[in-house]
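Here the structure is a predicted model, which is why all the values come from computation and not from measurement. Note that ligands are numbered from 1 as they come in the structure, with each ligand's atoms numbered from 1 the same way.
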Amino acid sequence: MRSPAAAGEPRALEAFPRRAGVLFAEDVSLAQIAEAVGTPCFVYSAGALVAAYDALDAAFRGVPHTLCYALKANMNLAVVRTLVARGAGADVTSGGELFRALRAGAPAGRIVYSGVGKTDDEIDRALDAGIKLFNVESRSELRRIDLRARQSGVRAPIAFRVNPDVDPKTHPYVSTGLRTSKFGIPISEAMDAYAEAKALDGVRIVGVDCHIGSQLTRLEPFADALSRVRSLIFELRAAGHAIEIVDVGGGLGVRYSEERPPDAGEYAAVVCKALRDLGCEIVLEPGRWLTANAGVLLTRVLLEKTNDDKRFVVVDGAMNDLIRPALYQAFQTIEPVGPPRGPTRPVDVVGPVCESGDFLAKDRPFPPVERGDLLAVRGAGAYGFAMSSNYNARPRAAEVLVRADRFAVVRERESLEDLVRGETIPREITG
Ligand code: LLP
């Protein structure tokens, strides 16, 4: 954990080392955290966040670049702050994320804003803050931003998010660069869109943006998309547009189990090969890569049960805490925090939520467990808490940040009162 990150590889897995058979977060025992904070709870390693950020930043050394952390992966203020303190900017996708990015100390001049449906209020807030870049996803949105900016007497810096029609070869729910997806404008219509933008007084064209999907484990889709973006930039410049920024989006995949995603150096080589000679600033929007393996979900075994010959380990964490297995059939490694109690047998690890979709693992070889045992679900730093909900009136989990031998609760577990905050019973209507 303390040694410098190997070039291009976040040292994330060592953020949760096993010492004398017991799983730790950096230098703090996960059992100690569970004792102090309760379960379920997310535990993040600040060292792993920093190591991942530094590795990606180092891979792009030599080209002007800004790493705009995609808050959607993990929006906890302390997590965002840890990355911002290393120099990260932010990629936001809503007024709420903009608020969080600013609250965590991200400089407005390093914030980019993507998303297919920005409301007037969100546009106004971003204009007021003076963000670096609006990634515009349609011509109707262009007109809206132009109008709001003119009303505020400013010019909004914009890039069009172009949809290059490339198959990123990932889960369909997180493929965004296909012709059929709702994102961006077709690259074939980009010249017309830029021509329209050039004539508007409320916007200033500064770049081109492209994001094709998430958890990409191959480089070819990035290379294909970027070669299309590259050709477009030549055309745009020939038509007199000043293109200073290329936002290449996020999407670099991580290892949850057997995947072999490219490392940061390989990814940077592909991006730089496509873009370096254009003299643009490269903006990146990594989310998962910075956070996924910097976090675990800690959960406690409630009981074991067998229905016919099917074994279930029922834990206190559920799909409302971590929806990825249910929503994407995603595989996330689960291991006991203590030493294994015996040889593995296939089990489903499930939560208490009343749906058969509520599972964290299916048919997974797992050692025997006893009530009260702690389990750690790895890869839970990205799209874990951020996608959690109160389904089944379950208070959302606590979040903990660890650095070396210190830890802090960076989000309290929700209380029962939190569950009903803002609700009223209007007697004249309810009876
Ligand atoms: N930029 C844009 C415009 C995006 O839409 C996304 C992710 C990112 C950046 C960050 O992508 P990343 O580097 O994290 O792959 N909930 C899903 C992932 C959804 C990704 C949505 N967009 C999951 O748990 O797998």
Side-chain angles (χ1 to χ4, degrees), residues 10 42 49 52-53 56 66-75 79-80 83 88-94 97-98 101 111-118 133-137 141 159-164 168-178 181-185 207-218 221-222 225 246-257 259 261-262 264 267 271 282-295 297 319 321-332 360 377-389:
F42 287 88
L49 294 169
Y53 180 88
L56 197 56
T66 306
L67 298 188
C68 292
Y69 166 57
L71 258 76
K72 58 177 75 67
N74 186 325
M75 60 189 170
V79 167
V80 179
L83 293 168
D91 164 45
V92 302
T93 202
S94 68
E97 285 188 359
L98 174 63
I111 297 179
V112 302
Y113 184 3
S114 317
V116 285
K118 305 175 180 80
L133 182 65
F134 286 81
N135 286 327
V136 179
E137 304 223 10
E141 184 191 319
F160 277 103
R161 175 170 177 179
V162 295
N163 185 327
K169 307 239 163 27
T170 180
H171 193 283
Y173 289 5
V174 296
S175 297
T176 52
L178 285 167
S181 85
K182 68 177 176 182
F183 297 98
I185 59 168
V208 178
D209 167 47
C210 178
H211 169 84
I212 56 171
S214 195
Q215 183 56 11
L216 272 63
T217 51
R218 297 170 51 176
F222 286 119
V246 189
D247 182 336
V248 301
L252 183 56
V254 302
R255 204 164 167 206
Y256 288 103
S257 69
E259 304 93 334
Y267 171 67
V271 175
I282 296 174
V283 168
L284 301 118
E285 301 173 356
R288 189 189 314 265
W289 204 82
L290 297 180
T291 52
N293 284 318
L297 171 63
M319 68 186 288
D321 301 300
L322 180 66
I323 203 174
R324 301 192 68 258
L327 190 57
Y328 315 112
Q329 295 73 49
F331 179 101
Q332 301 205 199
L360 297 175
V377 185
R378 289 190 182 259
Y383 306 111
F385 187 92
M387 297 181 81
S388 67
S389 76

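- Annotation for L322 and P325: closest pair O-CD, 3.7 Å, computed over non-hydrogen atoms.
- Minimum interatomic distance between L49 and L83 (heavy atoms only, all atoms of both residues): O-CD2, 3.7 Å.
- The aromatic rings of F134 and Y113 sit tilted relative to each other, their planes meeting at an angle between 30° and 60°.
- For the residue pair I212 and F222, the shortest heavy atom distance occurs at CD1-N, 4.0 Å.
- Per-residue contacts place G287 under 4.0 angstrom from the following atoms of ligand 1 (heavy atoms of the residue considered): 12 (P), 13 (O), 14 (O).
- Of all non-hydrogen atoms in A73 and R288, the two that sit nearest each other are CB-N, 3.9 Å.
- The closest approach between W289 and ligand 1 stays at or above 4.0 Å for every heavy atom of the residue.
- The structure places CG of N163 at 7.5 Å from SG of C210, a figure rounded to the nearest 0.5 Å.
- Nearest protein neighbour of atom 7 (C) of ligand 1, counting heavy atoms only, is K72 CD, 3.4 Å.
- Of the protein's non-hydrogen atoms, the one nearest atom 8 (C) of ligand 1 is H211 CE1, 3.4 Å.
- Closest approach of R218 and P262 over heavy atoms only: N-CD, 4.3 Å.
- Using 4.0 Å as the threshold, R161 has a heavy atom nearer than that to some atom of ligand 1.
- Close approach to P286 involves these atoms of ligand 1, each under 4.0 Å from a residue heavy atom: 13 (O).
- Put simply, no part of G249 is less than 4.0 Å from ligand 1, judged by heavy atoms.
- Looking only at protein heavy atoms, the nearest one to atom 15 (O) of ligand 1 is S214 OG, 2.4 Å.
- Partner E285 forms a side chain to side chain contact (heavy atoms under 4.5 Å, CB included) with one of T66, V92, D91 and no other, that one being D91.
- Interface of D91 with ligand 1, defined as ligand atoms under 4.0 Å from a residue heavy atom, comprises 1 (N), 2 (C), 9 (C).
- The shortest heavy-atom distance from A73 to ligand 1 is not under 4.0 Å.
- Ion pairing of K72 with E97 is absent here, as no side-chain N (NZ or NE/NH1/NH2) approaches a carboxylate O to less than 4.0 Å.
- Only the side chain of M387 comes within contact range of ligand 1, with a heavy atom under 4.0 Å; no backbone atom does.
- Nearest heavy-atom pair, A88 versus Y69, reported as atom, atom and distance to 0.1 Å: CB-CB, 4.4 Å.
- Among protein heavy atoms, atom 1 (N) of ligand 1 sits closest to E285 OE1, 2.5 Å.
- Residue contacts with ligand 1 for T93 are absent, since no atom lies close enough (heavy atoms, distance under 4.0 Å).
- Contacts with ligand 1 closer than 4.0 Å are made by side-chain heavy atoms of A70 only, the backbone lying farther away.
- Under a 4.0 Å criterion applied to the non-hydrogen atoms of G250, ligand 1 contributes the atoms 9 (C), 13 (O).
- In terms of polar-atom proximity, R288 is counted as a contact of ligand 1, with an N or O under 3.5 Å from an N or O of the ligand.
- Residue contacts with ligand 1, taken as heavy atom pairs separated by less than 4.0 Å, involve Y328 solely via side-chain atoms from C-beta onward.
- At a 4.0 Å heavy-atom cut-off, ligand 1 touches R324 through the side chain alone.
- If you check which protein heavy atom lies closest to atom 19 (C) of ligand 1, you get V174 CG1, 3.6 Å.
- Residue contact check: G251 has heavy atoms under 4.0 Å from atoms 11 (O), 12 (P), 13 (O), 15 (O) of ligand 1.
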